[in-house]
Amino acid sequence: MAAARTRAPTYGSPAVASPHHLAMEMVRRRTGLDATHVPYRGGPAAMQDLMGGSVDSVMIDTATGLPFIRDGRVRALAVLSEARSPQAPEVPTMRELGHDAVAFGWQGMSVPTGTPAPIIDRLARDMIAAIQSEPIVQRMQDLGIQYQPWTPAEFNAFVAAENAQWRPLIRELGIRLDS
C-alpha cells in the first residue's frame, strides 16, 4: 500500500468481469488502493506476465496460484478468505490486514425452475456423495479449494447474497458481457 502511493501498480486478472477482477475491484474500494487492471485470457497467462515483470501483481485463485507460491516464484500478499489457507498458512487474510474484503470463486449445480423437488433432492444428494469421495476431497485439498455441502435452499440463499454484493459493483464498473 505504501509503495502504491508513489506509483499506481498494475494488477492482472484472468478476464474482465472474472471473480478475480471483481474481487480486486472490491479490494481497491475498501483499501483506497489505486491500481490499473490488466485483463488476461486466463490465469496462467497472468501468472506468466507477473513472473516476467509485465504486471506488478495478480488476483488469482488458489488452484492456479499455489504452485507458484510453493515453488517460491511469487510471493502471496493476502488471501480473501475468512481464514488463512491451510496450504499457505503464512499468508494473512485481508481482514487481518485491517480490510473487510472476503471473496470466493464458487461453483454449483443449477436446474431449471420448476424441476420437481425429488429430482433436485436426488441430484443434490448424489453430487454431495461424489464430492465427498476420497479422491475428490484430496484433490480439492491439494488445490486449496474449500468445500461446503449445502442443501439446495442454502445454496440458493448464498447465490442471492452474492448477487446482492456483486451486482452493484458490476453496475458501478459498467461491466457488460457481450453475448
Side-chain angles (χ1 to χ4, degrees), residues 1-108 110 139-140 142-148 158-179:
M1 291 294 291
R5 288 185 189 94
T6 59
R7 182 185 70 80
T10 56
Y11 76 91
S13 79
V16 170
S18 67
H20 316 79
H21 174 208
L22 297 176
M24 187 62 179
E25 289 298 324
M26 176 185 63
V27 168
R28 287 186 58 226
R29 279 152 181 76
R30 294 187 179 173
T31 64
L33 176 67
D34 182 20
T36 303
H37 182 224
V38 180
Y40 285 86
R41 289 183 180 228
M47 293 303 294
Q48 290 302 316
D49 271 7
L50 174 65
M51 292 186 308
S54 298
V55 291
D56 299 311
S57 62
V58 297
M59 179 63 75
I60 203 73
D61 53 273
T62 56
T64 302
L66 275 175
F68 296 92
I69 295 166
R70 287 179 179 146
D71 292 349
R73 294 183 282 169
V74 300
R75 181 172 61 110
L77 300 177
V79 294
L80 273 71
S81 49
E82 292 174 342
R84 290 185 182 211
S85 169
Q87 288 72 23
E90 70 285 356
V91 181
T93 67
M94 286 297 292
R95 282 186 174 162
E96 287 177 279
L97 297 175
H99 306 286
D100 187 24
V102 175
F104 296 99
W106 52 269
Q107 293 80 40
S110 297
R139 182 69 175 145
M140 288 193 306
D142 292 346
L143 293 172
I145 296 171
Q146 298 174 359
Y147 166 67
Q148 180 64 42
F158 172 78
V159 171
E162 287 286 280
N163 282 335
Q165 176 176 341
W166 296 106
R167 282 186 181 190
L169 179 61
I170 291 167
R171 282 188 201 106
E172 179 186 330
L173 293 169
I175 294 175
R176 292 175 115 32
L177 296 178
D178 295 331
S179 36

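Quick caveat, the model's predicted, so the values are computed rather than measured.
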Q) Is the shortest side-chain N to carboxylate O distance from Asp56 to Arg7 below 4.0 Å? A)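 Judged by the 4.0 Å cut-off on N to carboxylate O distance, Asp56 and Arg7 do form a salt bridge.
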
Q | Glu96/Arg84 salt bridge by N-O under 4.0 Å criterion | A | yes

Distance from [X] atom [atom1] to [Y] atom [atom2], nearest 0.5 Å?
X      : Y      : atom1 : atom2 : result
Met94  : Glu82  : CE    : CD    : 14.5 Å
Ser85  : Ile69  : OG    : CD1   : 8.0 Å
Gln165 : Phe104 : CD    : CZ    : 9.5 Å
His21  : Ile170 : NE2   : CD1   : 10.0 Å
Thr31  : Asp100 : OG1   : CG    : 12.0 Å
Leu50  : Tyr11  : CG    : OH    : 14.5 Å

(Q) Can you tell me if Arg70 has over 12 outside heavy atoms packed within less than 6.0 Å of its CZ? (A)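 Count over threshold, so yes.
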
For a 4.5 angstrom cut-off between non-hydrogen side-chain atoms, does [X] reach [Y]?
X     : Y      : answer
Leu66 : Asp61  : no
Arg29 : Glu172 : yes
Asp34 : Arg28  : yes

Q) So, the side chain of Ser57 versus the backbone of Thr10: is there a donor-acceptor pair under 3.5 Å, distance only? A)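 Yes.
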
**Q.** Ser81 versus Gln146, closest heavy-atom pair with distance
**A.**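 The answer is CB-NE2, 3.9 Å.
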
Q. Nearest heavy-atom pair of Pro14 and Ile60: which atoms, and what distance?
A.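 Scanning both residues, the minimum pair turns out to be CG-CD1, 3.9 Å.
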
Q: Check the pair Tyr40, Val58 against side-chain contact (heavy atoms from CB on, under 4.5 Å), reporting the backbone distance first and the verdict last.
A: CA-CA 10 Å; Tyr40 285 86; Val58 297; 5.8 Å; no

(Q) Using side-chain contact (heavy atoms from CB on, under 4.5 Å), reason through Ser13 and Met24 one step at a time and then give a plain yes or no. (A) CA-CA 9 Å; Ser13 79; Met24 187 62 179; over 6 Å; no

Q. What do the steps show when you test His99 against Val27 for side-chain contact (heavy atoms from CB on, under 4.5 Å), and what is the final call?
A. CA-CA 8 Å; His99 306 286; Val27 168; over 6 Å; no

(Q) Can a side-chain donor-acceptor contact be found between Glu162 and Trp106 if the only test is distance below 3.5 angstrom? (A)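 Checked: Trp106/Glu162 side chains pair up, N/O donor to acceptor below 3.5 Å.
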
Q: Please report the C-alpha distance between Glu25 and Leu169 in whole Å, then the side-chain angles of each, then the deciding distance to 0.1 Å, and finally whether the side-chain contact (heavy atoms from CB on, under 4.5 Å) criterion is met.
A: CA-CA 8 Å; Glu25 289 298 324; Leu169 179 61; 4.1 Å; yes

